[in-house]
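Nothing here was measured: the structure is a model prediction, and the numbers come from that model.
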Amino acid sequence: MKLWSGQKVVILAIPDRAIQAVSREVVPRLRPGTMVFGLDPAAAHAGVMPDRGDITYFVAHPCHPPLFGDRAPAGPETDWFGGRDAAQSVVCALYQGPEEDYQVGEQLAAALFAPILRMHRISVEHMALLEPAVVESTCICCVMVMKILDPEAIRRSVRDITHAVA
């Protein structure tokens, strides 16, 4: 399949808070068969996208490069967010539209977020649950705990102990 297959695609690369207003303005003007490609599941999951049975809604979100292991980005200008040097996985969901449009959306997501480790197909509902649960709720809490504990560990001379062991 050729990339995009000649299909018209509108990419909503805008802040989440603007998606409802912008999509209400743009989507009614689209030709049938157009794909609306979103970068976050919130709008589709919340049902704020205009009801158009003759268009496709596709959502993709990067998982960002691994932080640990042999695939973790390295170097003085580390690409922690992917899309430049560090490979990342991407989750994709066909929210509405014909099944054959999934491949078009996945190919577009792979091109946008390259280099790619893996592409994962999930539902918009799963994406809406995982993204905030993993990123905002869990990981940010862990990072904040580490930010608080690291200076305390240094204050208590843990650094001196690790240097003595090494």
Side-chain angles (χ1 to χ4, degrees), residues 1-75 77-140 142:
M1 172 184 288
K2 284 176 53 180
L3 193 59
W4 326 149
S5 301
Q7 184 171 15
K8 302 292 183 201
V9 178
V10 173
I11 300 174
L12 296 178
I14 56 178
D16 293 345
R17 66 182 178 278
I19 290 176
Q20 184 173 14
V22 170
S23 66
R24 285 186 178 169
E25 180 73 23
V26 172
V27 170
R29 299 177 182 183
L30 300 177
R31 291 186 177 148
T34 300
M35 176 182 286
V36 176
F37 186 101
L39 303 176
D40 193 279
H45 184 66
V48 300
M49 306 298 286
D51 187 18
R52 283 275 310 265
D54 61 343
I55 64 170
T56 295
Y57 285 124
F58 188 90
V59 183
H61 197 284
C63 299
H64 305 296
L67 295 177
F68 307 103
D70 62 350
R71 294 185 186 252
E77 294 184 20
T78 301
D79 179 14
W80 292 110
F81 299 101
R84 189 182 73 218
D85 301 317
Q88 61 188 337
S89 295
V90 178
V91 291
C92 300
L94 179 63
Y95 180 67
Q96 171 186 302
E99 182 59 32
E100 57 269 16
D101 282 358
Y102 180 84
Q103 293 302 319
V104 174
E106 186 179 74
Q107 289 176 15
L108 177 55
L112 286 172
F113 300 118
I116 300 297
L117 285 174
R118 286 179 296 281
M119 303 294 287
H120 301 281
R121 184 173 185 169
I122 63 175
S123 69
V124 167
E125 180 181 15
H126 289 143
M127 197 183 299
L129 292 169
L130 288 172
E131 201 264 336
V134 173
V135 178
E136 283 88 1
S137 302
T138 305
C139 290
I140 289 177
C142 291

Q) Are Thr56 and Val104 close enough, and set up right, to give a side chain to side chain contact (heavy atoms under 4.5 Å, CB included), and what steps lead you there? A) CA-CA 11 Å; Thr56 295; Val104 174; over 6 Å; no
- Message: Between Leu12 and Leu39, does the side chain to side chain contact (heavy atoms under 4.5 Å, CB included) criterion hold? Intermediate values first, please.
- Response: CA-CA 7 Å; Leu12 296 178; Leu39 303 176; over 6 Å; no
> Run the side chain to side chain contact (heavy atoms under 4.5 Å, CB included) check on Leu130 and Ile122 step by step: do they pass?
Replying inline: CA-CA 10 Å; Leu130 288 172; Ile122 63 175; 4.2 Å; yes
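What you find for Gly105 and Phe37 is that their closest heavy atoms are O-CE1, 3.5 Å. Contact between Met119 and Ala109 at its shortest, heavy atoms only, is CE-CB, 3.8 Å. For the pair Tyr57 and Pro50, the tightest heavy-atom approach, listed with the atom from each and the gap, is OH-O, 2.7 Å. The two residues Ala110 and Ile116 come nearest to each other via the heavy atoms O-CG1, 3.7 Å.
Between the Gln96 side chain and the Arg52 main chain, a donor and an acceptor come within less than 3.5 Å of each other. The backbone N or O of Ala43 lies less than 3.5 Å from no partner atom in the side chain of Gln20, so there is not a single donor-acceptor pair. Although no hydrogens or angles enter the test, the distance criterion places no donor-acceptor pair under 3.5 Å between the side chain of Tyr95 and the main chain of Val124. With hydrogens and angles ignored, the 3.5 Å screen pairs no side-chain donor or acceptor of Glu106 with any backbone N or O of Cys92.
Taking CZ of Arg121 as the start and NE2 of His126 as the end, the distance is 13.0 Å to the nearest 0.5 Å. Considering CG of Asp40 and NE2 of His45, their distance stands at 11.5 Å, rounded to 0.5 Å. Rounding to the nearest 0.5 Å places CE of Met127 at 8.5 Å from NE2 of His61. Separating the OG atom in Ser123 from the CG atom in Leu129 is a distance of 7.5 Å, to the nearest 0.5 Å.
Residues Ile11 and Leu108 have side chains in contact (heavy-atom distance under 4.5 Å, counting atoms from C-beta outward).
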